[in-house]
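Owing to the predicted nature of the structure, the values given are computational and were not obtained by experimental measurement.
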Amino acid sequence: MVESSPENWRRADEFLSDVLVGHDPDLEAALAAQNEAGLPPIEVAPVSGKLLSLLTRISGARRVLEIGTLGGYSTIWLARAVGDGGEVVTIEAEPGNAAIARASIDAADLGERVAIRIGRAADVLPTLEGSEPFDLVFIDADKESNTVYLDWAARLGRPGTVVILDNIGREGEIVREDTTDSKVIGTRQALQMLADDPRFDATALQTVGVKGWDGVALAVIV
C-alpha cells in the first residue's frame with residue numbers, strides 16, 4: 001500500500017493532472033510569467049483549475065466574479081468556461097500582479113472576456129452594486145476578509161449563484177478554537193458564516209495534493 005505522505009499526495013496529484021488535464025501552453029506560460037516575476041506560488045493546482053472550469057460550465061455561469069487574481073492562472077480557466085459573450089470580473093489588490101495577469105490573459109486570447117479591477121476587494125466590491133448579478137463567485141484572496149467577501153457574494157449574486165471559497169483546510173488547523181493564526185481565524189469564521197447565514201447552503205471538502213493539506217467550500221445562494 002502506498003504511504004499517505006505529502007510526497008505521495010503530490011505524485012498522485014501530478015498523475016491526475018497528467019491524465020485529466022494534460023499540457024496547456026497558455027496556462028503553462030501564465031505560470032512561467034508568474035514565477036519569473038517572483039509572485040508566490042499560491043495559484044490553484046491544475047486539477048483545481050479544471051474543477052473551477054467544470055463548475056462554471058455545469059452551472060451555466062456566464063458572468064463570474066473572482067476575488068484574488070494573482071497571475072491570472074485561475075482567471076484563464078474561468079474565462080474559457082464562460083464561453084463567447086461571457087464575462088469574468090476579477091479583483092486584484094496589487095497593480096504589478098494585475099499587469100502580469102493581464103498580459104497572460106491577453107496572450108491566451110481571452111482579453112475581451114476579462115475585466116480586471118485593481119484595488120482592495122473590500123473597496124472594489126461596493127462599486128459592483130447595481131450591475132447584472134453574478135452566476136458564480138470564486139473567492140481566493142486574504143483569508144482574514146473571507147466573511148466580507150462572502151457577504152458581497154450574496155449581495156452581488158442571485159438565488160442559484162454558486163460560491164466557491166478556496167483554502168479552507170489550513171493544514172487541519174481549522175479544528176483549533178484556540179488558534180492565533182489570522183488566516184485560520186478568518187477561515188473558521190467564514191465556515192461558520194456559511195453554516196449560519198440563511199443566504200447560503202454549503203458544504204466543504206478536505207483535499208490533499210501538490211498544495212498540501214487543504215480544502216474547498218462550495219455553496220449556493222438560496
Side-chain angles (χ1 to χ4, degrees), residues 16-17 19-22 24 26-27 30 43-92 101-102 104-106 108-117 121 124-141 146 148-168 190-191 193-195 197-205 207 214-222:
L16 293 172
S17 178
V19 172
L20 297 173
V21 180
D24 187 300
D26 290 329
L27 289 168
E43 75 288 340
V44 300
V47 289
S48 297
K50 184 69 175 285
L51 177 62
L52 289 175
S53 173
L54 290 174
L55 288 171
T56 301
R57 292 165 57 197
I58 290 167
S59 66
R62 302 285 286 160
R63 183 168 162 79
V64 170
L65 173 63
E66 178 183 47
I67 303 174
T69 315
L70 194 64
Y73 181 80
S74 55
T75 318
I76 291 173
W77 277 110
L78 294 167
R80 286 176 172 174
V82 296
D84 291 336
E87 180 184 28
V88 177
V89 177
T90 183
I91 302 172
E92 174 54 47
R102 171 52 68 192
S104 293
I105 292 163
D106 289 348
D109 199 26
L110 294 166
E112 291 186 357
R113 299 184 190 179
V114 179
I116 301 178
R117 303 292 182 90
V124 174
L125 288 165
T127 71
L128 301 176
E129 277 195 297
S131 62
E132 183 182 349
F134 289 97
D135 305 312
L136 183 143
V137 180
F138 176 49
I139 301 170
D140 188 15
N146 272 342
V148 174
Y149 302 151
L150 285 173
D151 178 59
W152 277 106
R155 294 193 199 187
L156 297 172
R158 53 166 177 76
T161 291
V162 175
V163 180
I164 305 161
L165 179 65
D166 204 14
N167 305 129
I168 60 91
L191 292 169
M193 180 176 179
L194 288 173
D197 192 316
R199 295 175 295 179
F200 299 104
D201 190 12
T203 190
L205 297 172
T207 60
D214 207 347
V216 62
L218 180 65
V220 64
I221 297 175
V222 297

- Task: Applying side-chain contact (heavy atoms from CB on, under 4.5 Å), run through L125 and I67 and close with a yes or a no.
- Result: CA-CA 9 Å; L125 288 165; I67 303 174; 4.1 Å; yes
Going by side-chain contact (heavy atoms from CB on, under 4.5 Å), name the residues that satisfy it together with [X], two or more places apart in sequence or in a different chain.
X: I58; answer: L54
X: S17; answer: V21, P46, V47
X: L51; answer: L55
X: A219; answer: V163, L194, F200, A202

Specify the closest pair of heavy atoms between [X] and [Y], including all atoms of both residues, with the distance to one decimal.
X: P126; Y: A121; answer: CD-O, 4.3 Å
X: A79; Y: V114; answer: CB-CG2, 3.7 Å
X: W77; Y: S53; answer: CE3-CB, 3.7 Å
X: A30; Y: I76; answer: CB-CD1, 3.9 Å
X: S59; Y: V162; answer: CB-CG2, 3.8 Å
X: A154; Y: R199; answer: CB-NH1, 3.5 Å

- Task: Tell me, please, which residues at least two apart from D214 pass side-chain hydrogen bond (donor to acceptor under 3.5 Å, both in side chains).
- Result: N167
Partners passing salt bridge (charged side-chain N to carboxylate O under 4.0 Å, His left out) against [X] (at least two apart in sequence or in another chain):
X: R117; result: none
X: E43; result: K211
X: D109; result: none

- Task: Report the distance from atom OG of S48 to atom CZ of F138, rounding to the nearest 0.5 Å.
- Result: 8.0 Å
- Just how far is it from atom CG of L191 to atom CE of M193, taken to the nearest 0.5 Å? 11.5 Å
Under 4.5 Å between any side-chain heavy atoms of [X] and [Y], yes or no?
X: D197; Y: L150; result: no
X: I168; Y: N146; result: no
X: Y149; Y: I91; result: no

- Task: For residues 60-72, pull every pair meeting side-chain hydrogen bond (donor to acceptor under 3.5 Å, both in side chains), keeping only residues two or more places apart or in separate chains.
- Result: R63-E87, R63-S131, E66-S74, E66-T75, E66-T90, T69-T90
- Pairwise side-chain hydrogen bond (donor to acceptor under 3.5 Å, both in side chains) hits with a residue in residues 152-165, at least two apart: D135-R158, D151-R155
- Query: Which residue pairs pass the salt bridge (charged side-chain N to carboxylate O under 4.0 Å, His left out) test with at least one member in residues 67-81, sequence neighbours excluded?
  - Reply: D24-R80, D26-R80
- Task: Give me the one residue out of V89, I221, V88 that meets side-chain contact (heavy atoms from CB on, under 4.5 Å) with F134.
- Result: V89
- Option from L65, V64, L156 for which side-chain contact (heavy atoms from CB on, under 4.5 Å) with V137 holds: L65
